[in-house]
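Predicted, not measured: the structure shown is a model, and the values here were computed from it.
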Amino acid sequence: MQVTETLSEGLKRGFTITIPAADLKTKQDARLKEVAASLKLPGFRPGKVPVTIARQRYGEGVRAEVLEQAVSEALRTTLDERGLRPAGQPQVDLVSGQEDADKDLEFKVETEILPDITVPDLSGLSLTRLKATASDEAIDKIVADIAKRQRTFETLEEDRPAVKGDVVSVDFVGKRDGVPFDGGTAEDVNVEIGGEGFIPGFAEQIEGMKPGEEKVITVTFPENYGAEELAGKEATFDIKVRELKKAVDAPIDDELAKKLGFETLEQLRDLVRKQVEGEYDQLSRLRIKRELLDALAAKTDFPAPGGMVDAEFNQIWQRVDADRKAGELDDEDKDKDEETLRSDYRKIAERRVKLGLLLAEIGRKNAITVTQDELARAMRAEAMRYQGQEQQVFQFFQNNPQAIESLRGPIFENKVVDYLIELAKVEDKEVTPEELSDIPPADI
């Protein structure tokens with residue numbers, strides 16, 4: 001095999017590789033012998049089919065297989081001998097010899113390689129772990145909201161129009177251009193005047209109606225409405241009021257807790273507190289992870305492979321561009337033009353690629369791996385998100401190994417982050433829940 005380097009520019013490498021025709025013929029003959037030995041043809045004993053017949057029947061297929069394998073092996077050997085690790089799928093172009101068995105096989109290859117990564121000194125790493133405690137007032141509010149969801153409705157016998165705070169039982173038929181649409185018809189639905197949960201303008205137009213009255217109202221569905229065929233569209237609703245009601249909140253006591261499966265109100269409050277503080281712990285981890293990544297980003301001094309940055313940027317930009325066109329950009333982005341947005345998010349893509357490579361190198365040097373048990377737990381957690389379809393999710397993972405690999409990356413990253421936090425000097429700092437939730441943008 002002859003290898004000539006044709007490109008060495010930054011992280012880009014190119015080679016012209018020639019494999020002698022004689023080497024390919026030797027491999028092809030050996031493969032044809034294996035094929036002949038496995039053939040079962042009438043008139044021949046097992047394993048006694050002549051190679052000439054195997055060549056007649058399968059020669060072209062075997063040559064294609066040998067060429068593909070030879071290219072793959074030659075490319076791997078070329079990169080391994082030079083200590084190069086490709087950053088993506090190398091581009092291979094066959095030049096000659098693929099059709100003429102008497103000619104040497106020549107092909108060109110271009111690839112980006114991973115940079116040399118020196119893990120920075122992490123011995124002086126200092127981090128701050130922000131911590132917040134759930135106050136009694138916050139727990140009271142959540143329990144009050146739970147009690148509100150357990151409220152009952154009493155019919156009012158008063159002959160008066162509905163006012164803010166009342167609950168009205170209505171029948172309705174939703175129509176587009178005079179034709180009822182799917183999911184737009186219901187009976188005996190409770191609508192709170194001034195409450196939330198309905199299309200904007202729906203409950204407001206029922207205010208002032210009395211039991212027995214009918215009315216046609218017009219509303220416009222929000223742009224982000226779940227049903228795409230209705231999002232941003234205008235529709236009418238034929239409304240008929242059945243009853244006027246008032247909401248009666250459930251008392252916050254042990255009876256409320258028992259309705260929800262607890263023995264006492266205190267048990268309910270304890271669970272709420274654990275859930276809230278669990279959310280605070282997640283936010284705390286997010287904050288310290290962000291601080292860690294910012295510190296690592298400041299220490300990265302290697303170039304990022306352009307192809308990896310392009311791929312990461314394209315993935316980010318699909319979401320950003322969709323939000324931009326829908327007018328849903330974050331406050332910090334909404335006044336930026338497209339060129340500025342692209343520049344900012346390309347910097348973010350480059351940061352992500354560099355940090356990913358650095359974390360991978362730290363994990364490799366410290367023998368951090370993802371176990372099969374950890375992958376299995378991640379698959380179970382993913383399946384639990386789809387109640388009633390768990391078996392289909394497991395089947396999907398079994399049939400798509402690349403999907404399993406998509407779970408490996410986050411697990412590996414978190415294990416490396418945990419390792420680095422353990423190495424660092426960490427100071428705990430008590431903050432309010434509002435301060436904990438105010439996560440700053442990443443340093444780019």
Sidechain N-carboxylate O distance under 4.0 Å for E192, R151: yes
For residues 385-398, which residue pairs qualify under salt bridge (charged side-chain N to carboxylate O under 4.0 Å, His left out), counting only residues two or more places apart or in two chains? E382-R385
Can you list everything that forms a side-chain contact (heavy atoms from CB on, under 4.5 Å) with I142? Sequence neighbours excluded, please. I146, V272, V276
For D254, the side-chain contact (heavy atoms from CB on, under 4.5 Å) test, sequence neighbours excluded, returns T264, L265
Write out all pairs satisfying salt bridge (charged side-chain N to carboxylate O under 4.0 Å, His left out) with one or both partners inside residues 213-229, taking only residues at least two apart or from two chains. none
List the residues meeting ring pair (Phe, Tyr, Trp, His ring centres under 6.0 Å) with F153, not counting sequence neighbours, and say none if there are none. none
Check this for me: does any side-chain nitrogen of one of R364 and E361 sit under 4.0 Å from a carboxylate oxygen of the other? yes
SB check R324 D321 (cutoff 4.0 Å): yes
Tell me whether K246 is salt-bridged to D166, with the criterion being a basic N under 4.0 Å from an acidic carboxylate O. no
side-chain contact (heavy atoms from CB on, under 4.5 Å) with L7: which residues, sequence neighbours excluded? E9, K12, E110
Which atom pairs, one a donor and one an acceptor, fall under 3.5 Å between side chains of residues 238-245 and the rest of the protein, sequence neighbours left out?
unit_1: D238; atom_1: OD2; unit_2: K175; atom_2: NZ; d: 2.9
unit_1: R242; atom_1: NE; unit_2: D171; atom_2: OD1; d: 2.8
unit_1: R242; atom_1: NE; unit_2: D171; atom_2: OD2; d: 3.1
unit_1: K245; atom_1: NZ; unit_2: N190; atom_2: OD1; d: 3.2

In plain terms, say whether R285 and D281 are close enough for a salt bridge, that is, a side-chain N and a carboxylate O under 4.0 Å apart. no
Residue set satisfying side chain to side chain donor-acceptor pair (under 3.5 Å) with K233, at least two apart, ordered chain then number -> none
May I have all residue pairs that pass salt bridge (charged side-chain N to carboxylate O under 4.0 Å, His left out) and include part of residues 63-73, sequence neighbours excluded? K27-E73, R31-E65
Flag the pair D249 and K148 as a salt bridge only when some basic side-chain nitrogen lies within less than 4.0 angstrom of an acidic carboxylate oxygen. no
Residues pairing under ring-ring contact (aromatic ring centres under 6.0 Å, His included) where one sits in residues 368-393, two or more places apart or in two chains, turn out to be none
Do V168 and I193 come close enough that some side-chain heavy atom pair is under 4.5 Å? yes
So CG of L329 and NZ of K334: to nearest 0.5 Å the spacing works out to 10.0 Å
Kindly state each residue pair satisfying ring-ring contact (aromatic ring centres under 6.0 Å, His included) with at least one member in residues 193-212, sequence neighbours excluded. F172-F202, F198-F202, F202-F237
Looking at E350 and K354, is there a salt bridge between them, counting it only when a charged N and a carboxylate O are closer than 4.0 Å? yes
Could you please spell out the steps behind the side chain to side chain donor-acceptor pair (under 3.5 Å) verdict for S123 and D121? CA-CA 6 Å; S123 60; D121 181 14; 2.8 Å; yes
CG of L292 to CZ of R290, rounded to nearest 0.5 Å, is 11.5 Å
Going by the ring-ring contact (aromatic ring centres under 6.0 Å, His included) test, which pairs reach into residues 307-327, not counting sequence neighbours? F313-W317
